[in-house]
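Values reported hereafter were calculated over all heavy atoms of this structure, with side chains retained and with hydrogens, waters and symmetry mates removed. Numbers restart at 1 for each chain; the letters A, B, ... are given by sequence-line order, proteins then strands.
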Amino acid sequence: MIDIRQLREDPERVRASQRARGEDDGVVDAVLDADRRHRSGLSQFESLRAEQKSFGKKVAAAKGEEKQALLAEVKETAARVKELEAAKDEAAVERDRLLRSIGNVIIEGVPTGGEDDFVTLEEVGSPRDFAAEGFEPRDHLELGELLGAIDMSRGAKVSGSRFYYLTGPGARLELALMNLALDRARDAGFVQMQVPTLVTPETMAGAGFLDAHADEVYRLEADDLFLTGTSEVALAGFHADEILDLSAGPRRYTAMSTCYRREAGSYGKDTRGIIRVHQFQKVEMFVYCRPEDAETQHESLLKWERGMLDDLGLAYRVIDVAAGDLGGPAARKFDCEAWIPTQGAYRELTSTSNCTTYQARRLNTRERAESGTRMVATLNGTLATTRFLVALLETHQQADGSVTVPEVLRPYTGFDVLTPVG
RNA sequence: GGAGGCGUCGCCUAGUCUGGUCUAUGGCGCCCGCCUGCUAAGCGGGUUUGGGGCUACAACCCCAUCGAGGGUUCAAAUCCCUCCGCCUCCGCCA
């Protein structure tokens, strides 16, 4: 949720943000209107309520007939107070409903437009030239099956489409990747967490996943709980309704968790292999910081993400995601997309978002400021996910189907190469 | 799953039975000041959070806030209902 005060003081900035996102900017005036109605209703309610309260003291002091007379007089006031209260509450509900529909105000420099309007900030490394090497690359699933690392058909047998098993060296490789990421996060000062992956509707909504992403979320109806699609949800909820002390610097957390996504509306897309699946592992970074530190923290998250991709020997590009593709909470988002040889395309491996105070406002996470309290900023970023395996297998394959393990992962896998089985 | 107890403004705590003088008591901690070679002690004052009004974004005034949400009432921390959390005991269990 954006700050109503910012909207009052600088409505044009919010309108411009809405336009850049390709959203309706008329909602801004609708909010202002509801806000005015709420505030005038609030004044009316408060002054009459004050009158009623002072009357109550007279009633308490009075006796006998005098008391009866006062009671009769104030009864009408009480009824009127109730009406005024209902009216101002109604206006507030309308105001908040509209306010919640507005996405975060984008940071200056974010490209205008939709999914295809991103700006490439940098291309790192060059895609491997298999033609020059004289062999046709196998795709990650063919390799995975050849190496006894991925088993899609048994995943489908047990759980349906878009489920899979990682077997033997595949399971080992994924866990190696996660451990590398967790060690790096720890070395960078992140507090490591194990988090719930089932959360309440309040937490899910607070993190911002029940709006645009509502169809993407698994819901357990019997218990009214949601399976999270990222540990960002639990990490964002961790400090909900708290007042933090950030005087010693940002609070930074990392967690590996299983992530669950329905992938509704993506029928027929990425149906082969583990590019797009219902369940996967991910190591996430999450930062609570002062609003003025958010952009610096965002750069740091991007730096750590890039460090992983660099050291894993992947070719990738960094993009500045366009306003229309940010989602509600993010004010800016950088994606790192790795080159997938058999697709001849860059595909998202990591994503880091600066949510400024948007997420914190919904979750009511504040900090102690010089006078009073104020909202903190939250940021998140991916350090590793199961999808990395796609780029790793394809990029580091050899003509005979074996796959070289990047140096940095070897201490974790315990082997240097995956070799074809049987 | 069953029975009981508890939830008060950082922490502890009074108030709940018997609704109004609660503008929520006291202690600890913390902040400001006085006093004082320094520190401590002592003394005085302040110290929930959110919102609104008026404004210099001050001061001041008002409203809400006693786990959350409803209800009864002229009036609710206090009475009633629902929910949540914690504790104790019993039952069940990978």
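- B:C28 and B:C80 are spaced 36 Å apart, taking the P atom of each and rounding to whole Å.
- In this structure, B:U16 makes no Watson-Crick or G-U wobble pair, since no nucleotide meets both defining distances under 3.5 angstrom.
- Taking atom P on both B:G26 and B:G15, the two are 14 Å apart, rounded to the nearest angstrom.
- Between B:A76 and A:Lys53, no contact under 4.0 Å exists linking OP1 or OP2 to a side-chain N or O.
- Within the nucleic acid shown, A:Phe55 has no heavy atom closer than 4.0 Å to any nucleic acid atom.
- As rounded to whole Å, 13 Å separates atom C1' of B:C83 from atom CG of A:Asp224.
- Residues A:Glu46 and A:Arg49 are not paired through a salt bridge, judged by the lack of any N-O separation under 4.0 Å between the basic side chain and the carboxylate.
- A:Arg251 places no side-chain N or O within 3.5 Å of a backbone atom of A:Tyr288 that could act as its donor or acceptor partner.
- Searching all strands for a Watson-Crick or G-U wobble partner of B:C89 with both distances below 3.5 Å returns B:G2.
- Not one side-chain nitrogen or oxygen of A:Arg39 sits closer than 4.0 Å to the OP1 or OP2 atom of B:G51.
- Atom CG of A:Asp89 and atom C1' of B:A64 are 11 Å apart (whole Å).
- Taking the six-membered ring for Trp and the full ring otherwise, the centers of A:His239 and A:Phe286 sit at least 6.0 Å from each other.
- Across all strands shown, B:A40 forms no Watson-Crick or G-U wobble pair with both distances under 3.5 Å.
- An OP1 or OP2 oxygen of B:C57 is reached within less than 4.0 angstrom by no side-chain nitrogen or oxygen of A:Arg5.
- Across all strands shown, nothing is found opposite B:U55 as a Watson-Crick or G-U wobble partner with both distances under 3.5 Å.
- Here A:Arg49 reaches the OP1 or OP2 of B:A64: one of its side-chain N or O atoms lies under 4.0 Å away.
- Regarding contacts with the backbone of B:C74, every side-chain N or O of A:Gln52 stays at 4.0 angstrom or more from both OP1 and OP2.
- Checked by atom type, the side-chain pair A:Asn104/A:Thr356 shows a donor-acceptor distance below 3.5 Å.
- Base pairing of B:A64: its partner is B:U49, meeting the Watson-Crick or G-U wobble criterion (both donor-acceptor distances under 3.5 Å).
- Residue-level contact check: A:Arg95 touches neither bases nor backbone, having no heavy atom under 4.0 Å from any strand.
- Nucleotides B:C30 and B:C83, compared at atom P, are 43 Å apart to the nearest Å.
- Distance, A:Ile4 CD1 to B:G51 P: 11 Å, rounded to whole Å.
- Atom CD of A:Glu85 and atom C1' of B:G69 are 13 Å apart (whole Å).
- A distance of about 15 Å separates the C1' atoms of B:A24 and B:A64, rounded to the whole Å.
- A donor-acceptor contact closer than 3.5 angstrom links the side chains of A:Lys282 and A:Thr230.
- Listed candidates were B:C63, B:C74, B:U49. Nearest to the side chain of A:Thr373 is B:U49.
- Counting to the nearest Å, the P atom of B:A68 and the CD atom of A:Glu202 are 15 Å from each other.
- Counting only heavy atoms from C-beta on, A:Glu46 has its side chain closest to B:C63 among B:C63, B:G50, B:U72.
- Between A:Arg368 and the phosphate of B:G10, there is no side-chain N or O to OP1/OP2 separation shorter than 4.0 Å.
- Taking the side chain of A:Ala50 as heavy atoms from C-beta on, and the options B:G52, B:C74, B:C62, the nearest nucleotide is B:C62.
- Nearer to the 5' terminus of RNA chain B, by closest-nucleotide assignment, is the contact made by A:Glu51 (compared with the other of A:Ala78 and A:Glu51).
- Rounded to whole Å, the distance from CD on A:Glu367 to C1' on B:U49 is 16 Å.
- The gap from the C1' atom of B:G50 to that of B:U36 amounts to 42 Å, rounded to the nearest Å.
- For A:Glu12, the CD atom sits in a packed shell: over 12 heavy atoms of surrounding residues, nucleotides or ligands are nearer than 6.0 Å.
- Of the residues near RNA chain B, A:Ser43 and A:Lys82, the one whose nearest nucleotide (by heavy atom distance) lies more toward the 5' end is A:Ser43.
- Atom CG of A:Leu48 and atom C1' of B:G52 are 16 Å apart (whole Å).
- One atom, CZ of A:Arg366, and another, P of B:G10, lie 12 Å apart when rounded to the nearest Å.
- Using a 4.0 Å cut-off between charged side-chain N and carboxylate O, A:Glu94 and A:Arg37 make no salt bridge.
- In this structure, B:U23 forms no base pair with any nucleotide, since neither Watson-Crick nor G-U wobble geometry is met with both distances under 3.5 Å.
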